[in-house]
Amino acid sequence: MYKEYKQLNLSQTGKEILEFWKQNNIFEKSISSRPANNPYTFYEGPPSANGMPGIHHVMARSIKDIFCRYKTLKGYQVKRKGGWDTHGLPIELAVEKALGITKDDIGKKITVKEYNDACRKEVMRYTDVWNDLTEKMGYWVDLNDPYITYKNEYIESLWWILKQLYDKDLLYKGYTVQPYSPKSGTGLSSHELNQPGTYKMVKDTTIVAQFKVKRDQDSAFLFEGVTADLFILAWTTTPWTLPSNCALAVGENITYVKVNTFNPYTFEPICVVLAKDLVKKYFKAEGESASFEDYKGGDKVIPWTLLAEFKGSQLLGIHYEQLMPYVTNADLEKNAFRVIPADFVTTEDGTGIVHTASVFGADDFRACKENDVPSVMVKDENGKEVPLVNKQGRFVDEVTDFAGYYVKEEYYSDAERAEKDFKPTDVLISIKLKTENKAFDVKKYEHSYPHSWRSDEPILYYPLDSWFIRTTAVKDKMVALNKTINWKPESTGTGRFGNWLENLVDWNLSRSRYWGTPLPIWRCDYFSKGFQREICVGSIEELKEKGVYFYFDEAKAFFQKESVEDIIAFLEIDNPDQTDYLDIEEYKMLIDKGILELKHFIQNCPKRDVLVKKYSCTIEEYFKNEKMGMDLHRPYVDNIILSKEYDGVLQYYVREPDLIDVWFDSGAMPYAQWHFPFENKEEFKNAYPADFIAEGVDQTRGWFFTLHAIAVMLSECSDEVKAVNEEVGNGGVAFKNVISNGLVLDKNGNKMSKRLGNGVDPFETIEQFGADAPRWYMISNASPWDNLKFNTEGIDEVRRKFFGTLYNTYSFFVLYANIDKFSYSEAEIEISKRPEIDRWIISLLNTLTLEVDGFYADFEPTKAARAIQEFVDAHFSNWFIRLSRRRFWRSDNSDDKLSAYQTLYTCLITISKLMSPIAPFFADRLYNDLNGVTGKEEFESVHLAYFPTYHKELVDTDLEERMKLAQDVSSLVLSLRKKIGINVRQPLSKILLPILDKDFKVHVEQVKELILSETNIKDIEYITDTAGFIKKKIKPNFKALGQKVGKDMKAVAEAISNFTQEDIAELDANGSIGVLDNKYLIVDTDVDIIAEDVPGWQVANMGKLTVALDVTITNELKQEGIARELINRIQNLRKEKGLEVTDKINVSISDHPYIGEAVKNNLSYICAEVLAAGIVLDSELNEGDLVTIDENEILIVISKI
RNA sequence: GGAAAUAUAGCUCAAUGGUCAGAGCAGCACCCUUAUACGGUGUCGGUUAAAGGUUCAAUCCCUUUUAUUUCCA
C-alpha cells in the first residue's frame, strides 16, 4: 500500500526525512556509493561562527547544496569538507566588547594569553546553532571533520605557503600610508577611524602655494605671452607637508586658465595657473578691468587678466622648482616636481591642482607610485629611508628652519602653546613662503579632520612598515587565468573582478592585532649589510629546530631585581667596559617604563649567548612545562627566538610582531584544509582545484580574490603545487566555476539589519514551511546573482502552487493505485503502444529531463526550477492527469489503465529526481513513498539514485505540437462557451475548424477525442476556404520581409494590410502577388494568413488558429445536459456523505417533468457515472436532499448498497 | 570619486532587433472538478526609469542622465 496523507505538511515531512537520513547515513552513502576516481570538487567558504546565521545563509548554502547534489546524481563523488573561519577583527571586537576593554588594554589589563583564550572560545560560540541550521535546511556538508583556521596544522600550511612566496621574493616589507597617532605611536585601522567622535571640526592654516614653472620644451607653450614669473597654484590644508611636496596633481579633463596678476604679499607681477571654475574664488570681479600700470602694492583691488585656457592633460609632465628645497637629490630632480594626473582632483575646493606629498596621504602615495614619482626622504642613523617628519611628529634635522618642531600645534604641551612667542609650525611656514613670493593666499579654514580616539589629538597620515605580497608580479597571469574561470554571472568575472585585477596593487598582509595567524618572519636588525637578516619559517619542524622559547618575563624580572654588578656577573662578562654597564642600566630603566621590547633586549645585550642560554628552553620543553599542547599563536610565538650562526657568531632573530590578513587564512584553504604538504597529499591532489564554489558577491575581492591570488602565485613558485597542477591538468586556478550570489533583502528591498529588525529568522521559517519551500522559493524566484526581495508570502505561494499540486498528483495516484493494487509488477507496456496522451507526457518528460540537466550543468538553478514547476503545473497536473482521470475509474484492468498507471508513476518518480537537488526533503519522501512500494530501483534514497536518462527516441515533437493544438482548441472553445453563457456540462453538437494547411486536419484528428471530451462537444467538422465564406486576415511577416524590402517596409506593410479578400485569394492560388506596382513580389512565406471569421458562427482566434462553435441545443443535447447536471449533484452528495469512490449506491429522485425524461433517456450513462445500481423516479418522494437544476427543485436520496 | 548590477502591470518575475510586451500573485466576475478553490474563462492593470542615437524597424544594440544596491576609495 502506498502511504496516504491527510494533507501536505512540509514542516513535518522535513523532520521525518531528516531523521531518516540520519538513521541511515544517507549523506555518507551519497559519497561512498560514488567512485573515488570520479571526484567533483567543491570548496566550502568558511563561515565565521561568532554570529548568528541569517536567512541569507540559507540562500547561499542552498546554491552550494544544489550543485553538489546534482553532481552526485550524475555519478560524481562530491566530498564537501566543512570549515570555520576563526580569526579576525570581528572576533576580537566581540571579545573586547564582552570583556569591556579596548585594544590598548591588551597586554596591560589583560594578558595576550588571556585575550586569545577568550577569542578562541568566542569564535566557536554559535557553532551549535550553525550546525543546527545546516542540518535543518538540508545542507549536506561534512561537519564531523571540518578545517578550522586556528589549528596548528592549518597555520603550519599557511606558513609553508608564505615561505614559498618568500623564497621567490614575493613577500616583502614596505611602506603604506596609514592613519597614525604620534602620541600613542601606533597606526589606526580604518575601523578605528570610523568610531564616533573621531572626526572633529578644526581650524587650520591653509596655503595656496606658488610653484614656479621651469621653462623647457614641455612648458614652452605655457609661456606664450607671459612676461612675469609663471606659477602653478596649489592649495593645502597641511602646510607642514609642503617640504615633502614631490608632485602636483591635475584632473586631465579639467579646464585650467592662465592669469596675469600681482602677488598680494610681495606685490610682484606674476602669472598663475589654476582651474577655470575657481578663478572667481581668488579674483575680485572689479580687478578684471583694473589697470596694471596704476597698481601699487597694498591696493585693495588687484588687477588681473585671463590669458589662455587649456586642459589638464596638456599640463602633464611640466616640471617646476621645488617649493621648499631642504632635501633633494638627482632622482628627485629628474622624476619628481612635475605635474601628474590623478582621478581624485576636483574643482570643489582649492585651485583644482593638488599639492602631492607622497608619504603623507594615501591618495598621494598611490598617485605618485602610479606615475613613478619618488618621495622626498632622508636616511636615518641606520641608513633607512624615512620621511621628513619623524614618528614623534617632529621635523627631522634636515628641515633646518623647523628642525625638531612639531608639525601639529596640538602635539605641543599646553604650557608650550601658552608661551607668548609661540607660533604653530604651519604659521611659520606661511610666513616664510609669503616673504619668498611663494604664497598666493593664506587663510584659516575650518574643516573636519580625524582625531585619535585614544589621545584626542589630530592624526597624521604617515607611512608605516607593512608586509606585502607582491601580487603585482603575477598580475598578468592572474588576469589571463581569470578568463578561464566560468563566472556566474559573467559580469562579476569580467567587470568587478576583472577590473580589480587590472588595477591590482600589492597585497598588504600586515595586521597589528592579537588573534590571528602570526607572520612567520624573524628578523635580525643587528647588522645592516651583507647579512641574511630574515628567516621565514615554513614549518613547525623548522621552528623547533632553529628556535628556542625565551622566558622574557623571567629575564626581565631578573634584570629588574638584581644589581647591575650581579647581572654583569650573571652574563659571565669577564671584563666589563663602560658601555656594558650603561646598557644594563638602560635595560632596567626601560623595564621600569614597561617599554622594553624583546628585540632590543636580545639584540643589544652584551653576551647575548649567555642570556639566551640561561633563559630559554626548547619549544617542546616549554609547552610540556606549561602542560599544554603546542600553540603557534601569540603570545607564545612572540617569545620564540631563532638563532643562526654567521661567521662563527650566533645571531638572534626576533619575530616581526604582525599578524597576517585573515583573508589569507581562507584563501589558503585548498591547501591548509588538508595540512598540505605535510599530510594528505593524495587528498589534496584529488581535490584541486575546485570544480565549483559559491559565495556572496561581497566576496569578490575577499575570498574569490585570495583563493585566486594564492593559487596563481603557488602555481609559479611552489614545486609541489606545480607538480599537482601538471598532473591534474590545471593551469593554475583554484576554482573553475563560481557563482557569486546577490543579497537577500527584506520584502521592501531594504537591507536586513538588526537595527531595523527586519531580518528573517531562518529557524522560524523552516519550522513553519520546512526547508524545501523556502529553498524552492529562493531559487525559482530570481537568479541567484540578482538580489532577492524575501517575502514570506512568496514561500506560501510556492507551497500551494508547486508542492500542493505535486502532492495532489501523488494523492491522486495513490487513491487509485491502492484500490487497483498497482505496484508496477506488470510488464512494462511499450511506450509506442501507449495512448496518445501517455506518449505525449513521456515526450515532454524527456524534453524536461534534457532541459533541466542542461540548466543544472550550466549553473542555472532558477531556470531548472521554473522548468520543473511549469511541467508539473501546466502539463502534468492540469492536462495529463485531468484528461486521464476517467482511465483510472474504469473497473476493468485493461492495458489502457495499466499504461496510465505506468506513465503517471514514471512521471512522478522522474520529477522526484529532477527536483531533488533543490527540494531534497519532499523529493526523497516522494521517491521513497513510490519506490518503497514498487521496489523498482534499489536505492534507499533519491539522493543515492542517478539522474534520469534522456531518451531521445521518446521525444515526439509532432505529438507535442498537436497536443498544444488540442489545448489551444479546447481553450478557445471554453472561451466561446463562457462568452455565450453555455456551461461545459451542456453538450454541444460540433465545432468548425477552417483548414489552412494540409497537415492541420491530420493533426487535429489524432487528438480529436481529447478535445471532444474536454470541451463536451460531439464532433469536429472542417471547412476549406473553397467554401468561400471564411473571412481571412493577412499580416506581414516582418522578419522575412525586412531583408527583402528594407526601407520600403512601411509602404509594403501598408499595402499588405489593405489587401482585399480577393487579393488574399489570389496570393493563395498563385503563391505570389505583386505590390507597389509590382516592385516587390510577395510570396506566401512573407505573410501570415489567418481565418479571422466564419460569418454566422461564434468565432474565436488565437494566433493562426480559429474555432467556430455551433451553439444549437437540440432537445436531445438538452436532456443530456440535464443528465450531466444530475450526475454532478449526485456526485456532490456522494462526497458530502463520505462515500468511498468505489461504493455502489441506489438512487431515488422525485419525478419532475423537466428531469424525468432526461433521466430515462440517459439512464445507463448516469448509473455508470455515479456507480448506481438503478435510479428510481419516485413522485411520492418527500425526503432527501434538495437540489436545483435549471431552477427546478428536486429531491434526491442516495444509499450505499 | 571609481567599478559593477538592476530598473518591464499594484507585487514577484518572463520575453524578443519585427507591429497585440507575457506569466503568476493580488483584486473583480463567472465557471469546472468523486485529486485539489488546484484550475479554467474573462476583467482590471504598461509612454518597457528618462533623453538622445544606430536601424526600414529598438523594450532589446550604443551614449548620456536619474534612482536603488553592492564593492572599492
Side-chain angles (χ1 to χ4, degrees), chain A residues 7-8 190 251 342-346 348 362-363 366 489 491-492 494-500 502-503 696-702 740 742-743 745 747-751 777 780-783 785-789 791 793-794 796-798 800-801 804-816 862 866 869-870 873-874 877-879 881-882 885 888-889 970-979 981 983-985 1014 1016 1035-1053 1057 1103 1127-1128 1130-1136 1139-1143 1169-1171:
Chain A
Q7 60 176 26
L8 176 67
S190 59
D343 50 22
F344 53 80
V345 179
T346 68
E348 301 270 303
D363 280 341
R366 184 168 50 85
S491 61
T492 302
T494 54
R496 193 179 277 215
F497 196 66
N499 291 339
W500 161 255
E502 293 289 348
N503 299 311
V697 68
D698 52 326
Q699 294 294 340
T700 308
R701 286 166 195 187
S740 74
L743 303 169
L745 308 169
K747 64 178 176 182
N748 299 318
N750 298 315
K751 236 172 115 170
Y777 162 69
S780 66
N781 189 63
S783 284
W785 34 89
D786 290 331
N787 287 349
L788 173 72
K789 290 182 191 167
N791 190 346
E793 284 169 35
D796 199 46
E797 190 184 321
V798 162
R800 285 201 328 264
K801 256 189 85 63
T805 303
L806 194 53
Y807 161 79
N808 282 327
T809 60
Y810 170 78
S811 306
F812 175 82
F813 169 79
V814 172
L815 180 62
Y816 292 101
T862 306
R866 286 177 180 172
Q869 201 168 281
E870 169 75 9
D873 192 53
S877 172
N878 282 305
W879 194 254
I881 294 186
R882 186 180 158 87
R885 275 178 306 197
F888 295 92
W889 302 344
S970 300
S971 168
L972 286 173
V973 173
L974 294 173
S975 163
L976 283 170
R977 279 180 168 277
K978 156 82 188 167
K979 203 161 106 194
N983 70 14
V984 186
R985 274 195 290 268
E1014 178 66 9
N1016 199 12
K1035 268 164 56 177
N1037 179 341
F1038 286 91
K1039 209 164 194 169
L1041 276 172
Q1043 296 159 10
K1044 197 183 214 169
V1045 307
K1047 283 186 197 287
D1048 288 327
M1049 179 62 96
K1050 258 183 191 142
V1052 172
S1057 306
I1127 291 166
N1128 168 256
I1130 296 172
Q1131 300 289 28
N1132 288 346
L1133 284 177
R1134 282 184 62 115
K1135 201 173 179 186
E1136 226 172 80
L1139 298 182
E1140 294 295 323
V1141 292
T1142 46
D1143 290 337
E1169 286 295 307
V1170 301
L1171 295 184

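Because the structure is a prediction, the values reported are computed rather than measured. Chain A is the first sequence line, chain B the second, and so forth, proteins listed ahead of strands; every chain is numbered from 1.
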Would one find a side-chain N or O of A:Arg800 under 4.0 angstrom from OP1 or OP2 of B:A26?
yes

What I want to check is whether an N or O donor and acceptor connect the side chain of A:Arg977 with the base of B:U41 at under 3.5 Å.
no

side-chain N/O A:Lys801 vs B:G39 OP1/OP2, d < 4.0 Å
yes

Rounded to whole angstrom, note down the P distance from B:G10 over to B:U47.
8 Å

Rounded to the nearest 0.5 Å, what's the gap from CG on A:Asn1132 to CD1 on A:Ile1127? Could you check?
12.0 Å

Stacking between B:U19 and A:Phe1038, yes or no? Criterion: centroid separation under 5.5 angstrom, plane angle under 30 degrees.
yes

Is there a side-chain polar atom (N or O) of A:Asn787 under 4.0 Å from OP1 or OP2 of B:U69?
no

If I take atom CD1 in residue A:Ile881 and atom P in nucleotide B:G40, what distance separates them, rounded to the nearest angstrom?
15 Å

Between the base of B:A5 and the side chain of A:Thr492, is there a donor and acceptor pair under 3.5 angstrom?
no

Looking at A:Tyr816, does any N or O in its side chain come under 4.0 Å of the phosphate oxygens OP1/OP2 on B:A35?
yes

Nucleotide nearest A:Arg866 when distance is taken to its side chain, options B:C13, B:U41, B:C32:
B:C13

Between B:C38, B:U41, B:A14, which nucleotide gets closest to the side-chain atoms of A:Ser971?
B:U41

Find the partner of B:A35: check Watson-Crick (N1-N3 plus N6-O4 or O6-N4) and G-U wobble (N1-O2, O6-N3) distances, both under 3.5 Å, and reply none if neither fits.
none

Looking at the side chain of A:Leu815, which of B:A4, B:G39, B:A35 is the nearest nucleotide?
B:A35

Nucleotide nearest A:Asn808 when distance is taken to its side chain, options B:C25, B:A35, B:U69
B:A35

